[in-house]
Every structure is written in structure tokens, then in C-alpha cells.
Protein chains: 2
Amino acid sequence: MPTKTYHIGVEATMEIIGGKWKSIILCHLRHQTMRTSELARAIPQISQKMLTQQLRELEAANIVTRHVYKQVPPRVDYALTDYGESLSGILHELCVWGEDNIDRRQAEGEEITLLSRDDV
Amino acid sequence: MPTKTYHIGVEATMEIIGGKWKSIILCHLRHQTMRTSELARAIPQISQKMLTQQLRELEAANIVTRHVYKQVPPRVDYALTDYGESLSGILHELCVWGEDNIDRRQAEGEEITLLSRDDV
DNA sequence: TGCGATACCCACCAAAAGGTAACTATTAGA
DNA sequence: TCTAATAGTTACCTTTTGGTGGGTATCGCA
């Protein structure tokens, strides 16, 4: 197999938490284990397809675990792995920086809203 | 104008440092002011077009400044703004986490290389 | 005269990422 | 018998992102 080459560490990180959805999903899982439908409610813009696709990729990267209960209707929940928890600090800072960014842009008159400031 | 809505802070952050190139460019600028050609050498995979495009977007977000010297041949350099500096800690952690991620994957036998570990 | 150096721009094309809608399975309960 | 509920898949399409190859401008220098 051809060796995969990175030039700088951040490339690898962004491969894992980059894209439109992964960091958002992880920010929610940072606080609690969540069912599929809970995640979907917490991220109303995401489609069913994207949600499961992104969760599969996070699982493959050993960032989240998937737990299937043997029930009907099905019940599945997701949680950060220990390794996923090592991203917790970064995720928190990304949220806080973004909140501050939105505040600044509002102060400059941009028409912009932040619906929930769930980071403590 | 329709109000832009974010649901969680990290969405705004990712709009600014997300994508394939922005965080890499910023990680380099974290250590020093750099000319266009220096950035191009530091990030050999990037095309001229992408480099200037991403720099324009970072400039528009007030994360970097562009300084043009009145010379021939032209000389332009880029540096983090004060606001851009507020990302410095996050960028550093993203690099370090990625380096650790690469180490782990290597330890598990993946064929993977990290060329430079420039974070102190 | 014509080339090298630097920092662009533009038109065009390819690939990746994301979105929509319709479909599956199973069981409880109206 | 029909419907709701949950989690997921699949095919198909659109949008966004990124890549290539060309072109511009100015000045010094061989």
C-alpha cells in the first residue's frame, strides 16, 4: 500500500473532526451519551443519511462507540470513547471561540443569531 | 437580508478555520509572518489558486493581514491579526492532537508518515 | 531582445461533499 | 388490518471544493 503522508499534525486532526457535521456531533456527545433520534433533534439541519454516515466514520476512527440494544423499535446510542474524550478540551474551545466570533460580528451589525450557547 | 442562524458556536469557528487548507496556513503563520512564496514552499501540496483564495477569505474574516510592498518583482506578506492570534492556542492543540493521532495509527501498523513536527 | 522573478487572475474541468426522497425491518397497539 | 415508532439503507441529484493550464504586469539583467 502507498504510505499516506502528512506534512503537519493539524491535517490529521481535520481529517477526523473536519467537514460540516463531525465537530457539531462531537460537541453534543461531549456532554452525554445520546440516541440517534436525540442527536437528530439536537442538530435539526442534519439529514438522517448524513447523521449515520458521520457517526460511522467517527466510529471507524475510534472517536465514538455505538451501542445497539436488542429491542423493537430499535434503540442505538452513541458516546465518546476515551480517545474521543481527549478531544473534549479542543471541542470546548472551538465552541467558545465561535460564540465570541458571533458576538463580534453581531456587534458590527451583521444579521446573525446563535440559538444555543450550551457550553458552560 | 435573511438572518444567518447558527445552532452552536463551533459552526462559526469551522466556517473560518475549516476546509482543507485554512488551518494549515494558520498553523504556519502562527510562528511567523510569511511571504506568499514561503507559504507555498511550506505547503507543497497547495496550488497557487487555493493559496491566494484561502488567504483572501482569512483576510475577509479579519484573521490575517496582507501587506503589499511597492516593489518589482512584487512582495506580499501575511501575518495573523490580533484576532487571529486568539486562535493560536487552538491551532497548537489541533497540531499536537494530530501528531498523537498519527503516532497511534503508526503504532497500530498503519502505513503513515508525518513529515514535520514543528509544534514546540 | 527576451528571459526570470513574484504574485497574482481567469476559464474550464473533476472530484468530493452534502441533500432529497423513497425504501427496509420489526413489534405494539388502535 | 393498519399505523406509529426507530434506525438505517439506497439511488439519484446538486453544490461546493479543489485542480490545471493558461495569461497578466513590472523591472533588472544577460
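Naming convention: chains lettered A, B, ... in sequence-line order (proteins, then strands); numbering from 1 in each chain. A quick note: this is a predicted structure, and the numbers were derived from the prediction, not measured.
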Helix axis bend for the helix from C:dT1-D:dA30 to C:dA30-D:dT1 - C1'-based end axes, five pairs, 10° rounding: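 Taking the rotation axis at each end, their angle is 30°.
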Would you mind writing out the side-chain donor-acceptor pairs for residues 16-23 of chain B within the sub-3.5 Å range, not counting sequence neighbours?
unit_1, atom_1, unit_2, atom_2, d
B:K22, NZ, B:Q54, OE1, 3.4
B:K22, NZ, B:E57, OE1, 2.8

Below 4.0 Å: OP1/OP2 of C:dC8 and any side-chain N or O of B:Y78: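 Affirmative; the distance criterion is met.
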Contacts of type side-chain hydrogen bond (donor to acceptor under 3.5 Å, both in side chains), residue [X], not counting sequence neighbours:
X: A:T113; result: none
X: B:K4; result: B:E15
X: B:S86; result: A:W97

A:E15 CD to D:dT17 C1', straight-line distance once rounded to whole Å: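 So the CD-C1' distance, A:E15 to D:dT17, works out to 16 Å.
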Integer-rounded Å distance: D:dG18 C1' and B:K22 NZ: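 Roughly 12 Å, once rounded to whole Å.
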Other ILVMFWY residues reachable from A:Y6 by side-chain steps of under 4.5 Å: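 Grouped by the 4.5 Å side-chain rule, B:I102, B:I112, B:L114 form the rest of the cluster around A:Y6.
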Pairs touching residues 38-47 of chain A that satisfy side chain to side chain donor-acceptor pair (under 3.5 Å), sequence neighbours left out: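 Output for this query is empty, none listed.
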Contacts of A:R105 that satisfy salt bridge (charged side-chain N to carboxylate O under 4.0 Å, His left out) - sequence neighbours left out: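 With sequence neighbours excluded, A:R105 shows a salt bridge (charged side-chain N to carboxylate O under 4.0 Å, His left out) to A:E110, given in chain and number order.
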Taking only distance into account, with no hydrogens and no angle test, what donor-acceptor pairs under 3.5 Å do side-chain atoms of residues 73-85 of chain B form with protein atoms, sequence neighbours excluded?
unit_1, atom_1, unit_2, atom_2, d
B:D77, OD2, B:Y69, OH, 2.9
B:Y78, OH, B:R56, NH1, 3.4
B:Y78, OH, B:R66, NE, 3.2
B:T81, OG1, B:N62, O, 2.7
B:T81, OG1, B:I63, O, 3.2
B:T81, OG1, B:Y83, N, 3.3
B:T81, OG1, B:G84, N, 2.8
B:Y83, OH, A:N101, ND2, 3.0

Contact pattern, 5' to 3', of nucleotides 13-30 of chain C - B, S or - by protein heavy atom under 4.0 Å: -----BBB-----BS---
Within residues 32-43 of chain B, residues whose heavy atoms come under 4.0 Å of DNA chain C: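 Residues of residues 32-43 of chain B that come under 4.0 Å of DNA chain C are, in numerical order, B:R35, B:T36, B:S37.
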